[in-house]
Colleague: 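Dropping a structure here in structure tokens format, bear with me for questions.
This structure is a prediction, so every number in the text was calculated from the model and none was measured. The chains referred to below are lettered A, B, ... by the order of the sequence lines, with proteins before strands, and numbering in each begins at 1.
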Amino acid sequence: MTYALVAYAATAILWIAYLLWLSRRVARARGE
Amino acid sequence: MNESTATPARWWNATGRVLWLLALALVSASWWAAAAYAPVEAQMGPVQKIVYVHVPSAIVTLIAFGLTFAASIAFLTTKQWRWDAIAAASCELGMVFATVVLITGPLWARSAWNTWWTWEPRLTSFLILWILYAGYHVVRGSLHSASRRTVSSVLGIVLFVNLPIVWKSVEWWRGSLHPRNVTMTGEMRETLLLSMAAWFVFFAAALVSRLRLEWIREAVAERA
């Protein structure tokens, strides 16, 4: 059960981190 | 802004919003289904539920790199920058999906094979795939000349050779521990299909968002 929870949590964290990085790059490209 | 970058902002916002709403609803539903709807597998127990995120991520990885391949060919044929943008955006998302596969796989393997990692054909070929596509981004990021798009496209085509190797590795080499096919029935199958649909829509939503960045960069470069 722990491994499954870690797998799902890691997936969520990785995607959230990527989307935050993407939104920062969009803001920077716009010159904000 | 010329015609090539004149895609209306309204289109990006509307399409992106609809896709993101759909993606988040489907991913939430698939996670609920994995937790509460799909039964616990008799032999492996709850750890088997990793399959519902691992397998869709692996398939979307191959779709993303396949799209990079197709868009790279389209760029070299037409020389239209938007194909290069699609190739690069898809490749970046493919890397994130591949990373999910490389994180969730060992967590499953620890329970199934009593080891985090083994150098068997599917795992090894997938790791090589990840390293080589990381190289695509390193090369692309290091080039700032006019040849950047052409070099990236050639890489996007050449690296595609790895995809059939990963796909067929469980058949071509002996001693593969990795399951060849995922055969499920009933609620497990429904949950897996829902998860695949969810992560595919998630990929589409993320691709639109990532492409938006390329469009903004191109528009800024044209103005400069």
Colleague: Got Phe97(B) and Thr11(A) here, is their nearest side-chain heavy-atom distance under 4.5 Å?
Modeller: no
Colleague: Tell me, which pairs form a salt bridge (Lys or Arg N to Asp or Glu O under 4.0 Å) where one or both residues lie in residues 137-147 of chain B, sequence neighbours left out?
Modeller: Asp84(B)-Arg140(B)
Colleague: What is the minimum heavy-atom distance between Arg25(A) and Leu213(B), and which atoms define it?
Modeller: O-CD1, 3.5 Å
Colleague: Check each atom of Ile50(B) against the heavy atoms of chain A and say whether the ones under 4.5 Å are side chain, backbone, both or neither.
Modeller: both
Colleague: With rounding to the nearest 0.5 angstrom, report the OG1 to CG distance, Thr104(B) to Leu14(A).
Modeller: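 Thr104(B) atom OG1 to Leu14(A) atom CG measures 10.0 Å (nearest 0.5 Å).
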Colleague: Give the member of Val47(B), Ile103(B), Val96(B) that has the highest number of heavy-atom pairs under 4.5 Å with chain A.
Modeller: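 Heavy-atom pair counts peak at Val96(B).
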Colleague: What part of Ala12(A) gets closer than 4.5 Å to chain B, counting heavy atoms only: side chain, backbone, both or neither?
Modeller: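 When you check distances to chain B, atoms from both the backbone and side chain of Ala12(A) fall under 4.5 Å.
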Colleague: Distance check, rounded to the nearest 0.5 Å: Arg110(B) atom CZ versus Thr2(A) atom OG1?
Modeller: 12.0 Å
Colleague: Give, as side chain, backbone, both or neither, the part of Leu5(A) having an atom under 4.5 angstrom from any heavy atom of chain B.
Modeller: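 The answer is neither part of Leu5(A).
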Colleague: Between Tyr18(A) and Thr99(B), is any pair of side-chain heavy atoms under 4.5 Å apart?
Modeller: no
Colleague: Checking Val53(B) against chain A: side chain, backbone, both or neither under 4.5 Å from a heavy atom?
Modeller: both
Colleague: Do Trp31(B) and Tyr8(A) have ring centroids that are under 6.0 Å from one another?
Modeller: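 Yes, ring centres under 6.0 Å apart.
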Colleague: If you apply the rule side-chain contact (heavy atoms from CB on, under 4.5 Å), what do you find for Tyr3(A) with Lys49(B), and how did you get there?
Modeller: CA-CA 10 Å; Tyr3(A) 290 147; Lys49(B) 290 174 187 285; over 6 Å; no
Colleague: Measure across Pro46(B) and Ala4(A) and return the closest heavy-atom pair with its distance rounded to 0.1 Å.
Modeller: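 Heavy atoms only, the tightest pair is O-CB, 3.8 Å.
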Colleague: Considering only heavy atoms and a distance below 4.5 Å, find which of Val220(B), Val27(B), Leu93(B) pairs most often with chain A.
Modeller: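 Winner by heavy-atom pair count: Leu93(B).
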Colleague: Where does Ser57(B) contact chain A at under 4.5 Å (heavy atoms): side chain, backbone, both or neither?
Modeller: neither
Colleague: Is Phe202(B) close to chain A through its backbone or its side chain, or both, or neither, when contacts mean heavy atoms under 4.5 Å?
Modeller: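 Looking at Phe202(B), just its side chain touches chain A.
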